[in-house]
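Presented below is the structure to which this report refers.
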Amino acid sequence: MAEKLAKDYRAREVESRWYSFWMEQGFFHADEQSGREPFCIVIPPPNVTGKLHMGHAIFVTIQDILTRYKRMQGFEALWLPGTDHAGIATQVMVERQLAKEGSNRLELGRKRFLERVWQWKEEKGGTIIEQMKVLGASCDWERERFTMDAGLSTAVREAFVRLFEEGLIYREERLVNWDPVTQTVLSDLEVEQDSEQGSLWHIAYPVEGSEQQIVVATTRPETMLGDAAVAVHPDDPRYQGLIGKRCALPLTKRSIPIIADPLVADPQFGSGAVKITPAHDFNDYACGLRNNLEKIQVIGLDAKMTEAAGEAYCGLSREECREKVVEDLKAAGLLLRIEPYTFMPARSQRSRALVEPMLLPQWWVKMDVLAKPAVEAVESGRTTMIPKMWEKTYFNWMNNIRDWCISRQLWWGHQIPAWYCLDCDKDAIIVSKLEGAVDPEMRIASGAHPLVSREQPAKCPRCGGQNLAQDPDVLDTWFSSGLWPFSTMGWPEQTATLQKFYPTTVMETAADIIFFWVARMMMMGLHFMGETPFSTVYFHALIRDKDGQKMSKTYGNVVDPLHVVYGVDPEQLPEDERAACRLLFEDYPQGIEAQGADALRFTLAMYAAQGRDIRLDIKRVEGYRSFLNKLWQASRFVMMHLEEGSHEAEVGAQLDVDASQLSLADAWILERLRLVVEHVSTALNDFRFNEAAQAVYDFLWNEYCDWYIELSKPVLYAAEAQKAVTRSVLLHVLETVLRLLHPFAPFVTEEIWQALPKTAASPASIMVAPWPEPAPARFSEQAARMQRVIGIVQALRNLRGEANVPPGKAIPMLQVFSDEPQLLPLLEESRGYLRALTKVEDYACLPTSASRPKVSATTMADGLELSVPLEGLIDLDEERARLGKALAKLESQLQAMAKKLSNQGFVSRAPEEVVAAERAKLEASEAAKARLQAALERLG
RNA sequence: GGGCGUAUAGCUCAGCGGGAGAGCAUCGGUCUUACAAGCCGAGGGUCACAGGUUCAAAUCCUGUUGCGCCCACCA
């Protein structure tokens with residue numbers, strides 16, 4: 001028959017063919033009216049600014065595997081896609097563009113800036129979506145959402161207003177994390193602390209009315225200008241006389257008290273005395289509240305020193321001020337020493353800027369009330385996390401949760417639905433920079449009275465004034481993300497989609513956003529929907545480079561998934577992209593060849609063992625591309641031997657044959673197939689993707705290709721009578737494997753599947769073909785007999801290799817010594833197999849008492865003594881050495897077994913079948929030893 | 001300071017109570033009519049260390065060490 005598959009497997013050619021077909025056929029669309037059981041995953045929305053990286057590649061792979069698997073199983077499978085507006089990230093990116101044009105957002109103003117961001121979003125925001133399609137993502141694109149869509153914005157306002165009305169959202173002035181570069185407040189989670197090398201400056205503060213000095217140590221000497229006290233431990237004997245006295249704050253004209261505070265001063269640390277800066281340190285702020293200290297703000301929102309820092313320092317940056325303070329202290333003789341010190345400065349996750357604690361009014365979500373049911377849902381198992389260890393992390397954070405700062409001083413995002421009356425709440429507006437302008441630089445005072453509402457209020461309910469200004473802040477991006485599982489389905493409307501697909505089935509994401517996102521979805525879902533948003537959370541591993549380093553552009557160890565898919569030539573890359581992949585190109589100076597999306601997906605599935613980071617090695621991707629090539633070639637083999645018009649693949653049907661028609665090999669492969677179908681399903685149900693992929697890999701390569709196809713050859717080339725059945729089995733097994741493999745490698749399986757012969761009743765695509773169901777065990781007895789033949793073949797191949805008998809050389813005679821009566825028919829039945837696989841031309845089955853030929857090579861297989869008379873073909877010394885080695889190995893095994901069986905404890909306490917198996921093993925090994933010894937003796 | 005993960009062949013990793021496994025790399029043999037990105041065979045490991053539980057431990061427990069991660073306001 002005409003060849004339908006090209007001779008070579010060319011991944012990218014195959015992959016370019018099918019995605020549009022699937023789309024046109026509407027296979028990705030999930031119907032909320034369907035009577036099928038729902039299965040739903042909502043995508044972790046990638047940043048709309050994003051470009052595909054390995055983190056995306058792994059979630060696309062795993063979520064697509066799950067979705068395709070469930071879809072084939074007959075579920076109404078919805079994988080709901082979308083993107084996130086990613087407040088800071090997007091705003092910063094567009095601001096950078098503006099900077100290139102010599103402009104900035106203040107110059108444009110809020111309205112035009114936002115237009116500009118939207119324009120960018122419309123033009124470029126689809127990149128990441130297109131890239132996910134390259135990987136084969138079977139999302140329902142008709143339902144694609146964006147966190148700033150009208151619908152989702154409605155949901156955000158609804159959630160905000162309800163939480164406010166319930167008293168769970170409030171506005172309050174507190175010390176918050178200020179990022180002076182992006183000019184916004186950050187939540188605790190957006191602040192990172194890594195240890196850095198710094199110094200500890202020891203400064204002497206003169207005690208007033210005495211010659212004494214009190215020594216404090218600090219990592220931030222510039223903050224001393226805002227000190228409000230020096231604290232010591234009340235029990236510290238060194239300072240008993242000083243508590244209550246005052247000291248002169250150097251470089252200023254101020255005098256500050258020496259106070260006792262057991263919570264902030266540790267007598268073991270340094271001098272035991274600590275300077276207190278309530279306005280710029282979280283500990284000191286708390287201490288200030290306890291002791292009623294003044295909060296002196298010496299650093300402004302621009303991270304420059306304020307007037308309160310004193311004339312000499314006002315206007316300096318924090319770094320400049322530090323230098324000057326240190327210099328001035330030195331000059332005053334008050335800087336006692338500087339010691340190197342490792343500390344943990346707080347940095348903005350986004351800008352890496354040093355975070356400055358600032359006293360500012362912000363919007364907060366009260367978390368303890370929301371957290372409680374979310375903890376309970378996981379405790380009770382209504383939501384389970386895989387791997388399980390993450391539940392601990394989740395509990396730990398949830399049980400110590402602090403209120404969530406949700407306002408951001410950005411423009412790109414959901415503007416807070418709160419208004420202020422400019423008539424009766426005059427003090428509400430603070431204009432910080434542009435005189436007289438409410439927008440863009442206005443800020444809202446801490447005592448203001450917000451009018452929170454779903455729509456802009458027409459007038460002030462207090463005074464009737466119509467002069468209302470909306471709160472300029474926007475919400476933390478994660479606020480809208482927290483609503484994602486139901487806002488994407490039309491909430492607050494009670495839509496049919498919500499009815500059908502909420503709660504969703506699986507949340508699949510990375511563990512680094514367990515607090516940012518998963519915890520918040522749990523809380524919001526339970527609060528607004530009354531149900532946990534998903535029953536299982538599966539956390540995939542973090543992808544690192546092959547040496548275990550986190551991938552980073554600056555470090556240069558990035559592996560770009562699209563480079564893997566399409567191949568990459570470093571010469572063709574722009575400088576910055578080449579730099580990001582620098583280390584990869586050191587190993588692959590010529591770049592890498594196209595591996596294809598299927599190979600990348602299969603690799604990621606194979607790597608996805610639970611609870612372990614992935615060290616991605618291109619070599620492994622290449623290995624799995626070879627595997628797909630193997631599948632391709634095997635398919636070509638099968639199709640080559642099909643006859644036109646016959647042997648249609650009956651998708652999903654059981655093979656229409658009975659045991660009597662099957663050869664040993666047929667029965668064996670069908671039994672193995674049954675087991676692999678079972679195994680793959682169980683593994684996928686348990687989220688053990690690597691195990692599922694491994695099972696198909698082993699079956700296809702090591703059983704179907706290495707054995708069954710080889711065993712089928714003598715039949716296809718010679719045995720007319722058996723041909724038809726063998727062809728059916730070849731095709732049936734291949735077709736089933738394609739379906740098992742489809743969720744992992746959707747493109748190549750579709751390509752091959754489409755080329756197979758089909759009936760009128762066949763589905764239009766493998767992706768809507770039924771998932772293989774495990775067949776009942778019908779052929780296990782025959783399969784076991786075949787396994788025995790395989791053992792004989794392996795033993796003979798080993799013997800041939802070890803005895804240096806060239807593969808081309810036929811073995812004229814094989815003698816099998818055994819007293820088993822059932823052996824003769826088995827060997828008779830497998831005559832063709834033995835000849836084809838071992839080049840044994842003839843064999844004889846003899847009782848163990850029969851005499852052996854003088855010169856022969858001997859080996860044991862499954863209790864059978866195999867003897868190949870090979871006079872002149874083998875080197876006697878080598879054969880002696882080979883037997884000696886085999887005997888030594890047996891001997892050591894025998895000793896271990898004998899020791900085990902002589903252990904009274906083992907014999908009496910181990911399960912009977914274990915003991916029996918051990919005894920049988922011992923007997924078999926002893927028999928084998930005796931035969932090999934005899935063979936050795938015969939060689940003289 | 002608290003918590004978590006991890007240590008298995010040269011490399012990357014499975015296995016997680018009863019015979020130490022895979023892929024890559026290495027060595028030997030093979031261009032056999034699906035596939036040399038292949039086929040056949042081989043070598044290679046005190047399963048980090050020390051204790052314990054058990055008839056039996058790579059696997060369970062305790063401790064130690066190395067590596068990695070997360071949380072936490074200690075100057």
Side-chain angles (χ1 to χ4, degrees), chain A residues 5 7-9 175 188 193 200-202 216-220 223 231 263-266 268-277 281-287 341 343-344 346 357 387 389-390 392-393 396-397 400 511-512 514-515 542 544 546-548 550 593 606-607 609 611-617 619-620 622-641 690-691 694 697-698 702 705-706 709-710 713 717 794 797-802 804-808 836-837 839 893 896-897 900 903-911 913-915 917-918 921:
Chain A
L5 294 180
K7 191 165 179 345
D8 301 315
Y9 165 54
L175 205 60
D188 295 337
Q193 298 188 36
L200 199 55
W201 285 267
H202 295 259
V216 297
T218 180
T219 54
R220 300 190 61 196
T223 62
L263 296 179
V264 75
D266 174 6
Q268 307 303 316
F269 188 93
S271 66
V274 55
K275 61 189 269 314
I276 304 295
T277 322
D281 181 279
F282 287 94
N283 273 324
D284 295 2
Y285 179 71
C287 171
Y341 190 71
F343 71 130
M344 306 264 278
M389 58 176 177
W390 292 108
K392 246 185 191 170
T393 308
N396 188 44
W397 189 72
N400 296 290
D512 58 355
I514 184 170
F515 308 139
L542 187 69
R544 300 168 170 279
K546 72 176 173 54
D547 302 315
K550 212 167 173 170
E593 278 181 60
M606 280 294 246
Y607 263 121
R612 190 157 166 150
D613 287 349
I614 293 172
R615 296 190 187 195
L616 185 70
D617 188 349
K619 287 236 158 62
R620 236 173 124 172
E622 289 170 345
Y624 296 126
R625 182 184 58 164
S626 298
F627 169 70
L628 297 178
N629 178 60
K630 192 75 181 175
L631 170 71
W632 184 267
Q633 298 300 340
S635 306
R636 283 184 61 234
F637 174 84
V638 171
M639 289 164 69
M640 215 169 264
H641 289 94
N690 62 316
E691 202 178 313
Q694 182 79 52
Y697 181 99
D698 288 342
N702 303 134
C705 290
D706 286 353
I709 285 187
E710 293 307 319
K713 284 178 182 173
Y717 293 132
Q794 282 172 328
R797 280 174 173 172
N798 173 285
L799 188 123
R800 190 188 271 278
E802 297 266 289
N804 285 327
V805 182
L837 269 44
K839 291 212 166 146
Q893 285 170 358
M897 287 184 252
K900 211 168 179 181
N903 180 344
Q904 203 44 49
F906 174 71
V907 178
S908 60
R909 307 184 73 156
E913 61 273 20
V914 173
V915 178
E918 197 66 21
K921 234 161 58 184

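Chain letters run A, B, ... following the sequence lines, proteins first, then strands; residues in each count from 1. These numbers come from the heavy atoms of this one structure, side chains and all, not from hydrogens, waters or symmetry mates. Every value quoted in this text rests on a predicted model; they were computed, and no experiment measured them.
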As a test of reading the structure: which of [options] is closest to the side chain of [X], going by heavy atoms?
X: A/Arg636; options: B/rC70, B/rC35, B/rG41; value: B/rC35
X: A/Cys705; options: B/rC74, B/rA34, B/rA72; value: B/rA34
X: A/Gln694; options: B/rC13, B/rA22, B/rC35; value: B/rA22
X: A/Tyr717; options: B/rU33, B/rG38, B/rC40; value: B/rU33
X: A/Phe515; options: B/rC71, B/rG23, B/rC40; value: B/rC71

Taking any heavy-atom pair under 4.0 Å as a contact, classify [X]: base, sugar-phosphate, or nothing.
X: A/Tyr607; answer: sugar-phosphate
X: A/Arg625; answer: base
X: A/Ala286; answer: nothing
X: A/Asp512; answer: nothing

Fill in: Pairing residues for A/Tyr341 by the ring pair (Phe, Tyr, Trp, His ring centres under 6.0 Å) criterion, not counting sequence neighbours
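Listed in chain order: nothing, the list is empty.
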Worksheet entry | Complementary nucleotide of B/rG45, counting Watson-Crick and G-U pairs under 3.5 Å |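 Its partner: none found.
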Fill in: Identity of whatever pairs with B/rA22 - Watson-Crick or G-U, under 3.5 angstrom
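Pairing partner, where one exists within any strand: B/rU12.
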What distance, rounded to whole Å, do you find between the two [atom1] atoms, one in [N] and one in [M]?
N: B/rG15; M: B/rC60; atom1: C1'; answer: 16 Å
N: B/rG19; M: B/rC61; atom1: C1'; answer: 25 Å
N: B/rG21; M: B/rA9; atom1: C1'; answer: 10 Å

Worksheet entry | Nearest-0.5 Å distance, NZ of residue A/Lys7 to CH2 of residue A/Trp632 |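 One gets 12.5 Å once the value is rounded to the nearest 0.5 Å.
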Practice prompt. Step through the shown structure and confirm whether more than 12 heavy atoms of other residues, nucleotides or ligands are within 6.0 Å of CD on A/Glu622.
Written response: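 Yes, CD of A/Glu622 has more than 12 neighbouring heavy atoms, counting only those of other groups under 6.0 Å.
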Tabulate protein N/O versus nucleotide N/O from nucleotides 51-56 of chain B, keeping only pairs under 3.5 Å, one per line.
from: B/rC55; atom 1: OP1; to: A/Arg909; atom 2: NE; distance (Å): 2.7
from: B/rC55; atom 1: OP1; to: A/Arg909; atom 2: NH1; distance (Å): 2.4
from: B/rC55; atom 1: OP1; to: A/Arg909; atom 2: NH2; distance (Å): 2.7
from: B/rC55; atom 1: O4'; to: A/Gly905; atom 2: O; distance (Å): 3.3
from: B/rC55; atom 1: O2'; to: A/Asn903; atom 2: ND2; distance (Å): 2.8

